[in-house]
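Below you'll find the structure, written out as structure tokens, and then a few comments.
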Amino acid sequence: MKLNPGQNDAVHYVSGPCLVLAGAGSGKTRVIINKIAYLVEKCGYQARHIAAVTFTNKAAREMKERVSQSMGRKQARGLWISTFHTLGLEIVKREHKVLGLKPGFSLFDDQDTFALLKELTQDELDEDKDLIKALAAAISNWKGALVIPQQAIKTAKDEQSILFAHLYQRYAQQMKAYNALDFDDLILIPTLLLRMNEEVRGRWQQRIQYLLVDEYQDTNTSQYELVKLLVGERARFTVVGDDDQSIYSWRGAKPQNLVLLGKDFPKLKLIKLEQNYRSSQRILRCANILIANNPHVYDKSLFSELAYGEPLKVLFAANEEQEAERVVAEIIKHKFMGKTQFGDYAILYRGNHQSRLLERALMTNRIPYKLSGGTSFFARAEIKDIMAYLKLVVNPDDDNALLRVINLPKRGIGPATLERLGNYANDKKISLFAAIFEAELNHYIAPGAMKSLYEFGKFIVDTGEMATRGDPVEAIKVLIRKINYEDYLYETSTSAKAAEMRMKNISELYRWVTEMLQGDELDEPMTLPEVITRLTLRDMMERNNEEEGGDQVQLMTLHASKGLEFPYVFMVGTEERILPHQSSIDEDNVEEERRLAYVGITRAQKELWFMLCRERRQFGETMRCEPSRFLMELPQDDLVWETRKVVQSEQQRVEKGKANIANLREMFKK
DNA sequence: GAACTAGACGTTTTT
DNA sequence: CGTCTAGTTC
């Protein structure tokens, strides 16, 4: 397929900074891929000097695959295609010496951070979950804005900010002591390092000679700063973005960074991609008219040359159960009428909890579906247990990991022993693990407990030796066996079935780790520390999801749908308080919700349905629902609103069908 | 180990 | 209202 003029310009403009304003479905990924190939094949860049950055692992992976397909695996070798966080991790890893980090540092996920903050702030926040979460959010915001603790303390105004700023400082100190980093550090630390250290900066600018950034509207302050530092004076970069699809402001993303770019780089070349290759003209017209209600930095008018297409449908249901059943009924009907597959349908919703009823309806109708997002595999206790062991093996100073597993299985190391160990370590300013091996410790701790501690410490050291000197795969196998984890699961699980499930999860984890240690066609073999940090960044989960990819209806949040496309899309819960969400209405941030609706609409290629309820239960209380204001903003001549009469007859049909099934079941029983 | 109960808690979006 | 947890009972 040939590039259109805009795409062509975007690919071939390589002499300076370039901003590609790419509307939904305008082929931006194609531009990036072609541009990488162009840089390597025609401009003489070596693959290893080009970096492309995305926001999700899924996008990075997809890009990697498409690039190797288009220019050949050999040529693509050495390209840096990763998320911002993975790139940051890479910089931290290679510069750990300058940063004063020991190799094998730990990466804390949100749960680890929460646990640490809880521990750290017992006196101040009294284990108040909401407060700790607020603190975690505040710290994350500070880090995203490149504010270090001292600055936070200086600028804090109200009482709570002052307290939080001091706790931020304490948290940062503690993380340093643990030799641990959190997600935000993966951007913050490289950025500060590059800013302050000219030598390191020069080295990385030499290393990354051309930088491409996808979904640029999602960058926050620290990410933008990192981009600036990496590209330096030469400013050889291309960023691709769409301010209308900026839906992560709550995570610190600043669409204004698109404007700032023009100020920071006066020679910035602006290229617009306005032809949409995805959606019917009707769908696109609706999307355009909706988003015209928002203010715009750059004007952009998307057009499509595809068919005008079917009208968009607005379907009513009495309540949320019927809404879910209705969606399923429509999918079955529609699939029967056209030659479509389940995989052609997507159901999009505002909040994760909305998936529950949809799942139930799909399941009872035996429709295969795939749910993206939701509770992570890595949040499961059994996975966290084994991961904690592995983290500890790699970084014994990770107190968090140590506390999780030191008495798992029971080793006779109780709270009293741990408190004394903790006090000792605190006094000496060493890690818990290091304290175990201090000769003086036996003054404070009973001989029995002392022996257990020492045995535990030795076990971790031995496993570490085996993992580094010998075969890491074997080491993990031995680890799981030696701690009798299977027995532990059967003892602690609420049922034998549950224990089996958990053990299966462990086997799954083991399989992944093994695969990553050994590598495959697309990825080099990794070391154990690399595997652990990767898994903490949730890389594997997404890969696994892709592998399943059968013929399944897709369920996901509107946020998670960004960047994807589907022939037939259902948007459920298009009601006031849901989309736009109540909290956004309260906070006067309806514009972002409108962009979210815009993202949802522009996912659809051929047909689109809006679902809404007349009433909906919330915490046991029944609430009446109003159609979303966004539905009112759409061009009504492109919509078909279902009339009440149809609603009733459709409802009756569904009820009747259900009664029939029930009857059949009864008959079957007898 | 399973099956039950009471009681608290909750719904924004995620790298 | 539904889900999760801790605690109880058999």
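Labels below follow one simple rule: chain letters A, B, ... track the order of the sequence lines, proteins then strands, and each chain is numbered from 1. Since the structure is predicted, the reported quantities are computational estimates derived from the model, not experimental observations.
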Any side-chain donor paired with an acceptor under 3.5 Å for [X] and [Y]?
| X | Y | result |
| --- | --- | --- |
| A:Gln552 | A:Gln554 | no |
| A:Trp80 | A:Glu90 | no |
| A:His85 | A:Thr83 | no |

How close or far is atom [atom2] of [N] from atom [atom1] of [X], stated in whole angstroms?
| X | N | atom1 | atom2 | result |
| --- | --- | --- | --- | --- |
| A:His559 | B:dT15 | NE2 | P | 11 Å |
| A:Ile578 | B:dG10 | CD1 | C1' | 15 Å |
| A:Lys254 | B:dT15 | NZ | C1' | 18 Å |
| A:Lys133 | B:dC9 | NZ | P | 12 Å |
| A:Gln618 | B:dT12 | CD | P | 10 Å |
| A:Leu107 | B:dT15 | CG | P | 14 Å |
| A:Leu537 | B:dT15 | CG | C1' | 8 Å |
| A:Leu558 | B:dT14 | CG | P | 10 Å |

Test A:Arg577 against A:Glu626 for salt bridge (Lys or Arg N to Asp or Glu O under 4.0 Å), laying out the working first. CA-CA 8 Å; A:Arg577 317 155 171 250; A:Glu626 297 280 314; over 6 Å; no

Do any side-chain nitrogens or oxygens of A:Asn57 fall under 4.0 Å of OP1 or OP2 in B:dT15?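 For A:Asn57, the contact criterion (side-chain N or O under 4.0 Å from OP1 or OP2 of B:dT15) is not met.
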
Phosphate contact (B:dT15 OP1 or OP2) by A:Asn220 side-chain N/O below 4.0 Å: no

Classify [X] by what it touches in the nucleic acid, base, sugar-phosphate, or nothing, heavy-atom distance under 4.0 Å.
| X | result |
| --- | --- |
| A:Phe183 | base |
| A:Asp110 | base |
| A:Ser583 | base |

Of the options A:Asp109, A:Asp385, A:Asp112, which is the one that meets A:Lys391 in a salt bridge (charged side-chain N to carboxylate O under 4.0 Å, His left out)?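 Exactly one option meets the salt bridge (charged side-chain N to carboxylate O under 4.0 Å, His left out) with A:Lys391, and it is A:Asp112.
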
Verify the stacking flag for A:Phe55 against B:dT15: centroid separation must be under 5.5 angstrom and the ring planes must differ by under 30 degrees.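 The ring of A:Phe55 is not stacked on B:dT15.
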
When the C1' atoms of C:dC4 and B:dT13 are compared, how many Å lie between them, rounded to an integer?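 Comparing C1' positions in B:dT13 and C:dC4 gives a spacing of 23 Å.
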
A:Tyr488: ring pair (Phe, Tyr, Trp, His ring centres under 6.0 Å) partners, not counting sequence neighbours: A:Tyr485

Among all residues two or more places apart in sequence or in another chain, which pass the ring pair (Phe, Tyr, Trp, His ring centres under 6.0 Å) test with A:Phe84?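 Partners of A:Phe84 by the ring pair (Phe, Tyr, Trp, His ring centres under 6.0 Å) criterion, ordered by chain and then number, come out as A:Phe55.
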
[X], nearest nucleotide to its side chain (from [options]):
| X | options | result |
| --- | --- | --- |
| A:Glu593 | B:dG10, B:dT14, B:dT12 | B:dT12 |
| A:Asp130 | B:dT12, B:dG10, B:dT14 | B:dG10 |
| A:His353 | B:dT13, B:dT11, B:dT15 | B:dT11 |

Check if the side chain of A:Arg350 and the base of B:dT13 share a donor-acceptor pair of N or O atoms closer than 3.5 Å.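 Such a pair is found, so the answer is yes.
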
So, under a plain 3.5 Å distance rule, would you say the side chain of A:His581 forms a donor-acceptor pair with the base of B:dT12?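 Counting by modelled atom types and ignoring angles, no donor-acceptor contact under 3.5 Å is found here.
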
Identify the 5'-most and 3'-most nucleotides of DNA chain C with at least one atom closer than 4.0 Å to a non-hydrogen atom of chain A.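 First and last nucleotides in contact are C:dC1 to C:dT3.
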
side-chain contact (heavy atoms from CB on, under 4.5 Å) test vs A:Thr113 passes for just one of A:Asp184, A:Ile139, A:Asn400, A:Asp182, namely A:Asp182

